[in-house]
Amino acid sequence: QVQLVESGGGLVQAGGSLRLACAASGSIFGIDDMAWYRQAPGKQRELVATITSVGSDTYADSVKGRFTISRDNAKNTVYLQMNSLKPEDTAVYYCNAKQERRILTSLRRYEYWGQGTQVTVSS
């Protein structure tokens with residue numbers, strides 16, 4: 001089992017910055033891709049950014065140039081640096097991790113989610 005614990009959310013004024021962190025613990029061997037998602041009220045959860053175990057990253061068009069995803073494998077932690085925040089960035093942000101492990105003769109895949117952290121950007 002893997003647990004994901006997020007931190008760094010809060011209330012910030014438009015144009016400000018926040019850094020979210022997600023620390024993985026438990027049976028973390030085999031974790032590959034990690035990602036940040038967000039969900040605003042009345043909207044579907046959307047992918048914000050992804051990062052592989054070797055640091056390759058992707059971003060949603062809406063956050064390119066403003067957000068940066070990174071990870072520290074030694075600390076089993078993924079970060080989301082959010083700059084130039086806009087009111088439309090207001091959402092609950094979720095950390096996601098994918099894991100692949102070989103258990104006996106089976107190759108098993110797992111997916112984990114953090115509890116979500118609220119980010120509110122005021123105008």
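Between Y94 and W113, the ring planes lie perpendicular to each other; the angle is over 60°, past the 30° to 60° tilted range.
Y112 and I69 fall within a single hydrophobic cluster, where Ile, Leu, Val, Met, Phe, Trp and Tyr side chains are chained together by heavy-atom contacts under 4.5 Å. A single hydrophobic cluster is seen to contain both V92 and Y37, as judged by linkage of ILVMFWY side chains at heavy-atom distances under 4.5 Å, directly or through other members. Linking Ile, Leu, Val, Met, Phe, Trp and Tyr residues whenever their side-chain heavy atoms come within less than 4.5 Å places V121 and Y93 in a single cluster. Transitive grouping of hydrophobic side chains (ILVMFWY, heavy atoms separated by less than 4.5 Å) brings L20 and V2 into a common cluster. Linking Ile, Leu, Val, Met, Phe, Trp and Tyr whenever their side-chain heavy atoms come within less than 4.5 Å puts Y59 and L85 in one cluster.
Between D33 and T50 the shortest side-chain heavy-atom distance does not fall below 4.5 Å. Taking the side chain as every heavy atom from C-beta outward, Q115 and L4 never approach each other to under 4.5 Å. At a threshold of 4.5 Å between non-hydrogen side-chain atoms, the residues V12 and M82 do not count as touching. At a threshold of 4.5 Å between non-hydrogen side-chain atoms, the residues R101 and S27 count as touching.
Sorted by first and then second residue, the disulfide bond (SG atoms under 2.5 Å apart) pairs with a member in residues 43-89 form an empty list; sequence neighbours excluded.
Comment: K64 engages D61 in a salt bridge, judged by a side-chain N to carboxylate O separation of less than 4.0 angstrom.
Surrounding CD of Q44 are at most 12 heavy atoms belonging to other residues, nucleotides or ligands under 6.0 Å away. In E111, the CD atom is crowded: over 12 heavy atoms of neighbouring residues, nucleotides or ligands sit closer than 6.0 Å.
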> Is there a side-chain contact (heavy atoms from CB on, under 4.5 Å) between R71 and I31 once you walk through the steps?
Replying inline: CA-CA 12 Å; R71 68 192 294 170; I31 290 180; 4.1 Å; yes
> Stepwise, does the side-chain contact (heavy atoms from CB on, under 4.5 Å) test hold for R66 with D89?
Replying inline: CA-CA 11 Å; R66 300 188 298 119; D89 295 319; 2.7 Å; yes
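Between the CD atom in E100 and the CZ atom in F29 there is a gap of 10.5 Å [rounded to 0.5 Å]. Atom-to-atom distance recorded for D57:CG and M34:CE is 14.0 Å, nearest 0.5 angstrom. Atom CD of residue Q118 and atom CG of residue L11 lie 9.5 Å apart, to the nearest 0.5 angstrom.
When all heavy atoms of A14 and S123 are compared, the pair lying nearest together is CB-CA, 4.3 Å. For the pair S17 and N83, the tightest heavy-atom approach, listed with the atom from each and the gap, is OG-OD1, 2.9 Å.
Panel note: side chain R45, backbone L47; no donor-acceptor pair is recorded below 3.5 Å. Of the possible polar contacts, none joining the Q39 side chain to the A91 backbone as a donor-acceptor pair under 3.5 Å is found. Between the side chain of N76 and the main chain of S25, no donor-acceptor pair closer than 3.5 Å is present. Looking at E6, its side chain does come within 3.5 Å of a backbone N or O of C95 through a donor-acceptor pair.
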